[in-house]
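Throughout, protein chains are lettered first and strands after them, A, B, ... in sequence-line order, and every chain is numbered starting at 1.
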Number of protein chains: 2
Amino acid sequence: MREVADRAGVAMSSVSRVLSGHPDVSPVMRERVMATVDELGYQPDLLAQSLRRRATLTVALVVGDIANPLFAEIVTGAERELRAAGYSMLLANSDRAPDRDAAHIRLFQQRRVDGLLLSLAAEDHEPTVELLRATDTPVVLLDRDVDGGLVASVVQSDHRSGVRAATEELLALGHRRIGLILGGPMRPTRERRAGLTDAYESRGIDVPDLILEGVLSAEHGREAARDLLNREDPPTALISGGNQLLVGCLAEIVERGLRIGRDISLASCDAIPMTDLYQPPIAVVRRDNREIGRTAARLLLDRLRDDARPPETVTLPTTWVRRPSCGPVG
Amino acid sequence: MREVADRAGVAMSSVSRVLSGHPDVSPVMRERVMATVDELGYQPDLLAQSLRRRATLTVALVVGDIANPLFAEIVTGAERELRAAGYSMLLANSDRAPDRDAAHIRLFQQRRVDGLLLSLAAEDHEPTVELLRATDTPVVLLDRDVDGGLVASVVQSDHRSGVRAATEELLALGHRRIGLILGGPMRPTRERRAGLTDAYESRGIDVPDLILEGVLSAEHGREAARDLLNREDPPTALISGGNQLLVGCLAEIVERGLRIGRDISLASCDAIPMTDLYQPPIAVVRRDNREIGRTAARLLLDRLRDDARPPETVTLPTTWVRRPSCGPVG
DNA sequence: GATAGGGTCGCAATCGATTCCAGAATCGAC
DNA sequence: GTCGATTCTGGAATCGATTGCGACCCTATC
């Protein structure tokens, strides 16, 4: 920049004003500076700008596992929205470890990111919550209920209605023993459980003891399915609360040689290509994952543009998609 | 930092020396500073550090589509490796648009990232290549051959052997008309084509005109499959050159009601959960995607640590996994 | 007791920008 | 011709750190 200023025979402040579109600059000066700028191919140092302007135009996104198609799509949506607004995205994996969430939040604060998009590994991890409560960088949570007076925007999905619809359909098909395989103790899990319960209760039927919580992984999906299917009075239908869990479920079902839709009915949360293409196609509680990412980014950007804007909570819909994987009870 | 210095009654330079582990610092001074540091909960500003040290501890990764499971896993591997080395990762999507590659590279250079990990959308996009040639930030390319005197490290996969093995197997099963559905004109596509050709030629058979190039998307996969299957003399086996293409292929096959492994044989590059769990399971040319990401990150880190280190090219293996989706010709 | 030398510490410049403030230049009006 | 108002421009402080260099103190040696 000094080089540009010297070469153009003007002060650095003038160069700065031209480049940042300041109004107080004469046409001749603008002309002169612009000429030297692209004569030298000068590009301003965003690092120095960030330091001085106290804004990095950077947002960090922390998720449990980028390789999970759900998150991959959320990331895609968020990245597009952020890019359009001129922001760059730092991405980090927590590997579902709450401590790593905290470490990342600390790190990104030191990097002076303008905002945080978080899919926390736990809702009640004290160090993390403490950190978030103390910070004044805007935060958007993805499908998490964090208590303790934390003020943050939230983007959540209406899992409850979706799973309720799924359960109602299975009940209507005559199923009474419906297994539900869930991830960790967080909002989506609670909502899905509630959705199942809703459906049973609206029919005045007792909810059978076939709900298994664990962690959002294929391994747990498989073990849970095995556990349920090994029981004396096994479920006639399974609902998987996540695409990774479905993969495990399906592995177990395939190994047992069960015919989906006949020997056992199957439904899952979160569509992936496999759910659509499997034979028979697998019923799903679908949602628009990219829209989740876009909405989260938008909520954050709104707060970045307007300091006084209060945090909001947005609930996005889910839709139950019936498919042949759900058949009448055998 | 000034606050810490004042409160401890020492100079800022001393605080800096203590925190950065400089040797010229007495134990009593270290004690004194450390005490005030965690009394005030002081955390250094990484932005200012980066400006002064001329190193941001940041690496940018540009891919065509994060939602593609292949990239999602590469990203995972790279992120883990970078994080372990203390680096943060900026992630950007090019949406397979070469211009966006160039824009991102420019942007990240202005952000003074220490290195670039690139899965370019095109190998011969002049602005991009020009940019890379001019820059002196270390670059690692993912499975791309870029000419024009560009010096960069490369991580590539041995697609050729994998597809050759697949083709040989199909030929041994009696197939003669094998369709190959490919992505854009880049290294993996060329290699896969060569693999198929190798296999045919080693048997002394002419390669049939059943190779379709396009773009790495489910839509193209579907259209290509439709095109091939509509021909007068359609292929008896299909090889898909990528998991997204497979999704499209499979959609077309399912719609036509073809029985995989009987009416038509099917193989794909790049395993996803679906290939393993489908009934019948789908044969794949498998590779270790996370290892690709890890290796790329490692190559970059090596060059960041040692300025003089020359760029390297690493070729990672693929394995052909035979599965019932490949059956004898009907 | 004077001096050399090693170990610490503080001052101030620097990284590359932005922005406040004051002063110069321009112009028109009297 | 002078003054005042207006518009631009340049100087210098600032953002929050790092680091070269000189000053200081203390100890050991003659």
**Student:** Checking all strands, does B/V15 fall into the base, sugar-phosphate, or nothing category for heavy-atom contacts under 4.0 angstrom?
**Tutor:** nothing
**Student:** Go through D/dC15, C/dC9, C/dG10 for me and flag the one nearest to the A/L51 side chain.
**Tutor:** D/dC15
**Student:** Atom CG of B/L46 and atom C1' of D/dG16: how far apart are they, to the nearest Å?
**Tutor:** 11 Å
**Student:** Rounded to whole angstroms, how far apart are CZ on B/R52 and P on C/dA12?
**Tutor:** 16 Å
**Student:** Describe the nucleic acid contact of A/M29 in one word from base, sugar-phosphate, nothing, applying a heavy-atom distance below 4.0 Å.
**Tutor:** sugar-phosphate
**Student:** Considering every strand and a 4.0 Å limit on heavy-atom distances, what is the contact class for A/S16: base, sugar-phosphate, or nothing?
**Tutor:** base
**Student:** To the nearest Å, give me how far apart CG (A/L47) and P (C/dG16) are.
**Tutor:** 10 Å
**Student:** Are any non-hydrogen side-chain atoms of B/L118 and B/L132 less than 4.5 angstrom apart?
**Tutor:** yes
**Student:** Assign A/D24 to base, sugar-phosphate, or nothing according to its heavy-atom contacts below 4.0 angstrom with the strands shown.
**Tutor:** base
**Student:** I want to check one thing: is the phosphate of C/dT14, taken as OP1 and OP2, less than 4.0 Å away from some side-chain N or O of B/R54?
**Tutor:** no
**Student:** Determine whether a donor-acceptor pair (one donor, one acceptor, N or O, separation below 3.5 Å) exists between the side chain of A/R17 and the base of D/dG10.
**Tutor:** yes
**Student:** Below 4.5 Å, heavy atoms only, C-beta onward: do A/V314 and A/L299 meet side chain to side chain?
**Tutor:** yes
**Student:** In whole angstrom, what separates B/H22's NE2 from C/dC9's C1'?
**Tutor:** 11 Å
**Student:** Is any side-chain nitrogen or oxygen of A/Q49 closer than 4.0 Å to OP1 or OP2 of C/dG16?
**Tutor:** no
**Student:** Is there a side-chain contact between A/L120 and A/V129 in this structure, where contact means two heavy atoms from C-beta onward sitting under 4.5 Å apart?
**Tutor:** no
**Student:** Looking across every strand, which nucleic acid part, if any, lies under 4.0 Å from B/S13 by heavy atom: base, sugar-phosphate, or nothing?
**Tutor:** base
